[in-house]
There are 4 protein chains.
Amino acid sequence: MAHDPGSIPGSATASSVTAARRGRPRDTSLRTAVLRATLELLRERASLSIEAISSRSGVSRPTIYRWWPNKTAVALEAFMTEVNHRLVLAPGGGVDEELRAFMHGAFGFAQEQDSVILASVIASATEHPDVMESYRAEFLRPRQDRLAGLVARQTRAGELRQGIDPTLLWQLLWGPVYLRLASGDVPVPTEFLDQVVTLLLTGLLAPPRCAPAAPAGPAGPAAPPEPRAEREGS
Amino acid sequence: MAHDPGSIPGSATASSVTAARRGRPRDTSLRTAVLRATLELLRERASLSIEAISSRSGVSRPTIYRWWPNKTAVALEAFMTEVNHRLVLAPGGGVDEELRAFMHGAFGFAQEQDSVILASVIASATEHPDVMESYRAEFLRPRQDRLAGLVARQTRAGELRQGIDPTLLWQLLWGPVYLRLASGDVPVPTEFLDQVVTLLLTGLLAPPRCAPAAPAGPAGPAAPPEPRAEREGS
Amino acid sequence: MAHDPGSIPGSATASSVTAARRGRPRDTSLRTAVLRATLELLRERASLSIEAISSRSGVSRPTIYRWWPNKTAVALEAFMTEVNHRLVLAPGGGVDEELRAFMHGAFGFAQEQDSVILASVIASATEHPDVMESYRAEFLRPRQDRLAGLVARQTRAGELRQGIDPTLLWQLLWGPVYLRLASGDVPVPTEFLDQVVTLLLTGLLAPPRCAPAAPAGPAGPAAPPEPRAEREGS
Amino acid sequence: MAHDPGSIPGSATASSVTAARRGRPRDTSLRTAVLRATLELLRERASLSIEAISSRSGVSRPTIYRWWPNKTAVALEAFMTEVNHRLVLAPGGGVDEELRAFMHGAFGFAQEQDSVILASVIASATEHPDVMESYRAEFLRPRQDRLAGLVARQTRAGELRQGIDPTLLWQLLWGPVYLRLASGDVPVPTEFLDQVVTLLLTGLLAPPRCAPAAPAGPAGPAAPPEPRAEREGS
DNA sequence: GAATAAACGAGACGGTACGTCTCGTCTTATG
DNA sequence: CATAAGACGAGACGTACCGTCTCGTTTATTC
């Protein structure tokens, strides 16, 4: 992610075995310090500047520039270290159940204040193609892949309608959550994730007259959603 | 919209009849020039600065600051003048039809390149409560109100299920579109708006065994949507 | 002084008799208001701006520009109205006496805090030839003329050495006072004026051996000047 | 002079020996460039602005602000570098001779057009106590000290009258010169300096009847000074 | 009494400089 | 060779005055 030839993350790479490279070795604690400082600043809703990251982390500005191309990249990396380790999906169960589990795993981080970060990162990533690419690779791809798998599986199982476009579904799931992040409408409670799933499963249409006595089905979920009006929407 | 006490826009207010105000009258061509320059810059994806707006529009910097508190406010106003005059909804027809009409009226602007603007505006509005308020008042409110009306009407008409939360629905409609704007995934074609509506109306579930002939309804919707995979999603 | 075609000050000019000019007559209270406000600001050591004069005096900016070419001109005029009415010289008496009287009359204003004003005015007048000319006409000329008269008279009377250049003398009298004004070393006490005169009259040289017993003469003045060291000089 | 904690000018301080300070060293050519540009602008009688200094010298504005608190400080430093290296006094000789030498050394710079600079610097220093302090320390103090020494020496030698206040004398010597600078009455020719000394030594009074042959002394002084009237005085 | 004309206030505007901030680069000394 | 310290140019920020201009209003003279 950092534009670093030598890779760092886990990085028990070959190189580290063969040759302790010449010169002073990179101080890995710097990466941690920078990312931590960045998260703190983002949480404080302070406007992020390399300047600030530098002075808070104690890492000099030129050093930061050596390892990251711009502040957006730093922010994204900082966010990812926080978020991705939660993405653990336990497949199994009905569509309903499994979709909920997916939402919780994929967007559960939105329960926390930090999550606003992502919206600002994405927004500024528009100007930095490389950062955008990181975002796709590390955030989008894994989630979209899992969703695609889920859709395929449940379609085969006959639980989902035929012909559902996983990409479209992805946008209908992630879109509302992202909207709240972008609008500062955080934290996003778990119930919201569930409501989205519920509405999507059932659809908006009134049950056809075919089975007037059968609002049953998976209808339960549609239990009168308290008309939340606390906030204005987004 | 501009932080202007004395009204400018349409403003055939009483005051304008009774008293042509004292002092040199405001040169209204400036407002236009500023907004036009702003749109141009935003379209060019150039990073927006008051400096740039000033030199491009030929309006001096102090004058811009006289009428707008910050660049985000300028950008929002510029966007609104472009967008809001399209919001004409002709109610009538079935849910399906009416929801589509709503989408086209409310988000049709997303067909154009300009639309990315909005995402950047919203993103930076997070730091400017007053601009955020303008955004709510001029973009969100009218659209949400119309949607709420639509929902109420169609619920009474028995076309929509009982208990649908208009706010949640709003987020499911606007969320996906906004997501594409924010990701630079523009223009958003009209078909996308329709697909969202279709999916939401019908829901994801496979038709219950109760009535094999049932899913007719507005029929078309379930038509195998070609699994668009051109783009990666957002 | 003001760049006013029609003159105002005393101005019982022919024109004022023959024709009260057409149109609304100038409101003379404005001049007073402007000058008073200017003096106040100068006394407060605030940095003088037309803006400030305008808002303090309640006279609009364009009106001030109608009557004065720049702020330096306003300041000079304000100062002169304060200062010149003191210049009343009563000739007569010995050189010593008369020179002292001259100093008191010409530079007595330096006893007051306001006097610093003059230094700043002169300094900025360097860039405004017209203001400099006013300064010469209204401040310098009358004082220099009187001094020249004094020198001529006392030279004829045999009290002053032959061949004293009045211009040089003027600079030796006004220079030290001006220096204190310019350095903010105000107020300039009357004793200072006297000391200057004394030193100049007697000169620095020790009395020639010709009359070892006669430090008398006009020596009295040289009475042990208490070695003031309170301030640093200028 | 610059508000620089770390010493630059001569400063062969201990620190400079032991430790060449960390970080990129200050580019001393910038200081020179700034001061040179400043002198040029002052000579051209252009109104001095940091903006102008910056663009003329090629040094960026922030850098200038890093090293000087305001433009007055820059101007003073620029002037001092030009002026102070001339202050070399060779004591010895009679009062007359020595006083003249003092004048030439201390105020000789006034022969050049540049000298007007000083007046404008002092004028604006009134608003900047720190600059005023620099002025005292670097211009006033050394000159006043030498004058005080001169007075003491010559008083002991019996050439000067007892009880002459060096501060008062300072004002009588520097005042007339400063007056000419402030009035734009430059260059100040060497003869002017001499005339001031002459007048001060001898005094104004006609020689007492005691010793008709007396006023010999340094004789010259009383030589009929051509009544210069070319300029108006100041 | 109506027309005329100047004086004036209110306010908009382009312009210039201010002093500050952050960016990203570069240069040196140190580890 | 990695790093810290720090100097630097570039450029935008938001503000303060400048001096000018355009109006509408007021107050006097003149026809």
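Below, all heavy atoms of this structure are taken into account, side chains as well, without hydrogens, waters or symmetry copies. The shown structure was predicted, so the numbers you read here are calculated from the model rather than taken from an experiment. We name chains A, B, ... by the order of the sequence lines, and we start the count at 1 in each one.
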- Message: Less than 4.5 Å apart, side chain to side chain, heavy atoms only: is that true for Val34(B) and Thr38(B)?
- Response: yes
Atom-pair distance ([atom1] on [X]; [atom2] on [N]), nearest Å:
X	N	atom1	atom2	value
Leu41(A)	dT22(E)	CG	P	12 Å
His128(B)	dC13(F)	NE2	P	11 Å
Asn70(B)	dA12(F)	CG	C1'	14 Å

- Message: Which residues pass the salt bridge (Lys or Arg N to Asp or Glu O under 4.0 Å) test with Arg43(C), not counting sequence neighbours?
- Response: Glu82(C), Asp114(C)
- For Glu51(D), what residues pass the salt bridge (Lys or Arg N to Asp or Glu O under 4.0 Å) criterion, not counting sequence neighbours? Arg61(D)
- Message: How would you summarise protein contacts on nucleotides 13-18 of chain E per nucleotide, using B for base, S for sugar-phosphate only and - for none, with heavy-atom distances below 4.0 Å?
- Response: BBBBBB
- Taking the six-membered ring of Trp67(C), is the NZ or CZ of Arg26(C) close enough (under 6.0 Å from the centre) and on axis enough (within 45°)? yes
- Query: Just by modelled atom types, is the Val59(A) backbone N or O under 3.5 Å from a matching donor or acceptor in the Ser54(A) side chain?
  - Reply: yes
